[in-house]
Asker: 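Okay, handing you the structure first.
It should be emphasised that the depicted structure is a prediction, and the values quoted were computed from it without experimental measurement. Just so we're on the same page: letters track the sequence lines, and every chain starts at 1. Note that these values count all heavy atoms, side chains included, but never hydrogens, waters or copies made by symmetry.
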Amino acid sequence: MIEIKLPDNSVKKYNEGVTGLEIAKSISNSLAKEVLAITVNGHLQDLTLPIEEDADVKLHKWDDQEGRHAFWHSSAHLMAEALEAIYPGIKLGIGPSIENGFYYDIDPGEHNISENNFPEIEKKMIELARQKNRFSRKEVTSEEALSRYKSEGNRYKTELLEEMENQTITFYNHGNFSDLCRGPHLPDTGYIKAVKLLNIAGAYWRGNEKNKQLTRIYGISFPKQKLLDEYLQMLEEAKKRDHRKLGRELGLFTFSEKVGPGLPLWLPKGAQLRERLENFLRNVQVEYGYQPVLTPHIGHKELYITSGHYDKYGESSFRPISTPIEGEEFMLKPMNCPHHCEIYKSSPRSYKDLPIRYAEFGTVYRYEQSGELHGLTRVRGFTQDDAHIFCRPDQLKDEFIKVIDIVFIIFNALDFSDFEIQVSLREKNGNDKYIGSDENWEKAENAILEATREKGLEVKVVYGEAAFYGPKLDFMVKDALGRNWQLGTIQVDYNLPERFDLEYTGSDNLKHRPVMIHRAPFGSMERFVAVMIEHTAGKFPLWLAPQQAVIISVSEKFNVYAKKVSNFLNNYDIRALIDDRNEKVGRKIRDNEMSRIPYLLIVGEKEESENTVSVRRQGEGDKGTMTLEQFASLIKKEVKSQIKT
RNA sequence: GCCGAUGUAGCUCAGUUGGUCAGAGCAGCUGAUUUGUAAUCAGCUGGCCGGGGGUUCGAAUCCCUCCAUCGGCUCCA
């Protein structure tokens, strides 16, 4: 007998060789039906694998990542089986599970596979799934595996095998399908009840553009049809919220082929929205001791050679522009920091001056390859809510804490309550790809960790993700649909102070090197607005909404009163316009609801005589009548509660 | 940049195998209506069918090429 300990610390005895599935069954039949994979002593494995000794185990169902991982991984195999059946001779690359579903990279050979073939493939997958073929695991020697794939002429698998040393090589088989795979897998294919192929795209073998491009097919699958339906509904919702669609419909921004791809044009309403965000941050920054600076959109090429950006952005970016007579070369700025460094250098600095915090909504230009542009989230010209803090090493922690505060002020005001924080540090076994002394790195890394600890933040620490010039702290927010976005970033930089030879005079009357912090709580205004649009589905918080209220006159007769109402509200700094079109009330309500105007105020005979408005809240319907004063104070109160820092 | 798809009025889309195929709805304009909580009615104006080249008696439709967009790959704010 062996002892199996479950996560609730209960211990049960089983015969040696008991399987996860049997353990589940011994607990309850319903659990046995739902369980998908098992972790045995920290190792995720098949439910059907015998357990030979005492172990801590955890059973995974659909509701945890490990369970879905096994499910989707098996689905990838199922898809590969279907593909091989329909397209004989294709070569398999890799087929992992991903955050939402799975994909398989294949070399289709002579076959041409497109979205049009998806229904056929899905049908085949379901047909194969219904056969409930068992997944079986088989350990083989490297030679066996190699000879098999060599005879098939599959150089992808061969390559993978050749790189695997001293590892157990396993194959997973089900039905007539067999694949090199680490597992784990479901007990059988019958678990997979619903399948949807999502898209097809080229993907370089192992992500390297020097390699051959394979065909990648993405899909998702579920243990119940209902879950697939829900997922598809969520995709529909995401489509409705797409900032590119809403940006056009709400008149926020546009693009013009003539102006150029990736160069957004902000329409009046979008510009208002963005300025409101900018001013909000400006006000916060004043409180936090930032000083605004302004710098030009271009800079001498030498500036970027000094900063090192020319190496990174020079060749792969917009070509330098040159003066007609002298032929001096200037670049569109890809970063604001070099300019800010020069501002720092414009005067001698004392340790008493530090920290110095320069803030600028600086527009930068970077060449992005044409296939990478995407609405406002990936553009060629964008504005960072940039600031650079020049401080002494001993001030790092305090400065970090202050920046974190600013980030939270913003997240609070904009209703981003779900986020992850990532600390990116050096690789553990330090190497020489990092600039700056070990001592300084350690100081900076500790400063970040202490700052986050002091703020009581839960952080994910990732080694090896730091930039070459310093460690960083990134904020990933989850939007209303649970999608992750990388927004704010705080980065320590030892590189630029070195390159620009920045100094301050210390209390010892000696020259010292300041540390620099780059930080952008929004990230970029373009991306942030895009995320805001998708997060709120265009229903911006009242304080941000370009137009807060619309006054709907029941008929022309009440336009004079409507004008009176709008004057009243405008005097209170409430952004209200009149809809005096010659339309019925129902029509005006519909149009303004669709324009996401937060408050609709209906005025007619009754309201005019009582000096009131009938209030309708966007998406919520009729709220009854109130006096103008009551309405104005309602708005004021709502705005105040939203931007409470 | 690469792979695949797409590109018809401001927007969303129809246009069968090349032969009155240049259409619809919404938006816009004009007029009527004077309206009470999610679309009032009527009329009208919009398009070199993404650009260029070719095949053909004839091209929105077939071919080539460029551009843009979309989905990915790589990278990043």
Asker: For Arg248(A) and C26(B), give me the distance from atom CZ to atom P, rounded to whole Å.
Answerer: 19 Å
Asker: Applying side chain to side chain donor-acceptor pair (under 3.5 Å), run through Glu159(A) and Trp205(A) and close with a yes or a no.
Answerer: CA-CA 11 Å; Glu159(A) 192 181 316; Trp205(A) 170 237; 3.1 Å; yes
Asker: Considering only heavy atoms, which members of residues 252-273 of chain A lie under 4.0 Å from some atom of RNA chain B?
Answerer: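 Going residue by residue through residues 252-273 of chain A, the ones with a heavy atom under 4.0 Å of RNA chain B turn out to be Glu257(A), Pro261(A).
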Asker: What interatomic distance, in whole Å, is found between C1' of A9(B) and the corresponding atom of G28(B)?
Answerer: 11 Å
Asker: Between Glu638(A) and Arg617(A), does any NZ, NE, NH1 or NH2 come within less than 4.0 Å of an OD or OE carboxylate oxygen?
Answerer: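 Salt bridge flag = yes for Glu638(A) with Arg617(A).
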Asker: Where does the angle between the aromatic ring planes of Phe255(A) and Phe253(A) fall among parallel (under 30°), tilted (30 to 60°) and perpendicular (over 60°)?
Answerer: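 It falls in the perpendicular class, over 60°.
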Asker: Would you classify G46(B) as syn or anti? Syn applies when the glycosidic angle is within 90° of 0.
Answerer: syn
Asker: Taking G7(B) as the reference, what is the distance to C48(B) when you measure between their C1' atoms (whole Å, please)?
Answerer: 15 Å
Asker: In whole angstrom, give the distance that lies between atom CG of Asp580(A) and atom P of U35(B).
Answerer: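 Answer to the nearest Å: 16 Å.
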Asker: Name all pairs fulfilling the salt bridge (charged side-chain N to carboxylate O under 4.0 Å, His left out) condition that reach into residues 247-256 of chain A, sequence neighbours left out, sorted by first residue then second.
Answerer: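 Residue pairs with at least one partner in residues 247-256 of chain A: Lys245(A)-Glu249(A).
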Asker: For A24(B) versus A42(B), give the span between their P atoms, rounded off to a whole number of Å.
Answerer: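 So the two P atoms sit 15 Å from each other.
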Asker: For RNA chain B, please output the secondary structure as dot-bracket, reading 5' to 3'. Pairs are Watson-Crick or G-U wobble, both atom distances under 3.5 Å; mark crossing pairs with [ ], other-strand partners with |, unpaired with a dot.
Answerer: (((((((..((((.....[...)))).(((((.......))))).....(((((..]....))))))))))))....
Asker: Does any donor atom in the side chain of Arg282(A) or Asn279(A) lie under 3.5 Å from an acceptor atom in the other side chain?
Answerer: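 Present: a donor and an acceptor within the cut-off.
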Asker: Do any N or O atoms from the side chain of Gln548(A) and from the backbone of Tyr599(A) form a donor-acceptor pair under 3.5 angstrom?
Answerer: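 Pair absent, no side-chain N/O of Gln548(A) close to backbone of Tyr599(A).
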Asker: Assign Ser614(A) to base, sugar-phosphate, or nothing according to its heavy-atom contacts below 4.0 angstrom with the strands shown.
Answerer: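 Base, at least one base atom sits under 4.0 Å.
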Asker: Sugar-phosphate means primed atoms, P, OP1 and OP2; the rest is base. With that split, encode nucleotides 70-77 of chain B 5' to 3' as B, S or - using protein heavy atoms under 4.0 Å.
Answerer: SBBBBBBB
Asker: Any base atoms under 4.0 Å from Lys588(A), or only sugar-phosphate, or nothing? Heavy atoms, all strands.
Answerer: nothing
Asker: Once each nucleotide of nucleotides 38-48 of chain B is scored for protein heavy atoms under 4.0 Å, what B/S/- sequence comes out, 5' to 3'?
Answerer: BBB--------
Asker: Hey, are His518(A) and Gln491(A) close enough side-chain-wise for a donor-acceptor pair under 3.5 Å?
Answerer: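 No, no side-chain donor-acceptor pair sits under 3.5 Å.
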Asker: Pairing donors with acceptors under 3.5 angstrom, does anything connect the side chains of Arg596(A) and Thr536(A)?
Answerer: no
Asker: Is Glu163(A) salt-bridged to Arg206(A), cutoff N-O under 4.0 Å?
Answerer: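 A salt bridge is present here (some side-chain N lies under 4.0 Å from a carboxylate O).
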Asker: Which whole number of Å gives the distance between the P atom of U45(B) and that of G10(B)?
Answerer: 16 Å
Asker: With C1' as the reference atom in both, quote the distance from U56(B) to G18(B) in angstrom, rounded to an integer.
Answerer: 9 Å
Asker: Atom NE2 of His243(A) to atom P of U69(B): distance rounded to whole Å?
Answerer: 12 Å
Asker: With heavy-atom distances below 4.5 Å as the criterion, would you say the side chains of Thr383(A) and Arg274(A) are in contact?
Answerer: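 The answer is yes; the side chains approach within 4.5 Å.
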Asker: Would you kindly give the NZ-to-C1' distance between Lys557(A) and U35(B), to the nearest whole Å?
Answerer: 8 Å
Asker: Going by salt bridge (charged side-chain N to carboxylate O under 4.0 Å, His left out), name the pairs with one or both residues in residues 601-610 of chain A, residues two or more places apart or in two chains.
Answerer: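 Applying salt bridge (charged side-chain N to carboxylate O under 4.0 Å, His left out) to every pair that reaches into residues 601-610 of chain A, excluding sequence neighbours, yields nothing.
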Asker: Determine the interatomic distance between C1' on C26(B) and the same-named atom on A38(B); round to the nearest Å.
Answerer: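 It comes out at 16 Å once rounded to the nearest Å.
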Asker: Expressed in whole Å, how much space separates the C1' atoms belonging to A60(B) and U74(B)?
Answerer: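 The same atom, C1', in both gives a distance of 36 Å.
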Asker: Output the rounded distance in Å from CD (Glu605(A)) to C1' (U34(B)).
Answerer: 13 Å
Asker: Is it the case that the side chain of Arg378(A) and the backbone of Leu373(A) share a donor-acceptor pair, with hydrogens and angles ignored and the cut-off at 3.5 Å?
Answerer: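 Checking the backbone N and O of Leu373(A) against the side chain of Arg378(A), no donor-acceptor pair under 3.5 Å is found.
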Asker: Counting N and O atoms only, with roles assigned by atom type, does the side chain of Glu583(A) sit under 3.5 Å from a partner on the main chain of Lys588(A), one being a donor and the other an acceptor?
Answerer: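 No, because the side chain of Glu583(A) does not come within donor-acceptor range (under 3.5 Å) of the backbone of Lys588(A).
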Asker: For the pair made of CD in Glu556(A) and P in U35(B), what is the distance, rounded to whole Å?
Answerer: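 Whole-Å distance recorded here is 11 Å.
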Asker: What's the gap between A22(B) and C3(B) when it is taken at their P atoms, as a whole Å value?
Answerer: 37 Å
Asker: For the atom pair CZ (Arg216(A)) and CG (Asp105(A)), what is the distance rounded to the nearest 0.5 Å?
Answerer: 4.0 Å
Asker: Mind checking Glu607(A) for me? I need base, sugar-phosphate or nothing, with any heavy atom below 4.0 Å counting as a touch.
Answerer: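 Touches a base.
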Asker: Are any of the side-chain nitrogens in Asp107(A) or Arg155(A) under 4.0 Å away from the carboxylate oxygens of its partner?
Answerer: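 Looking at Arg155(A) together with Asp107(A), the answer is no, because their closest N to O distance does not fall below 4.0 Å.
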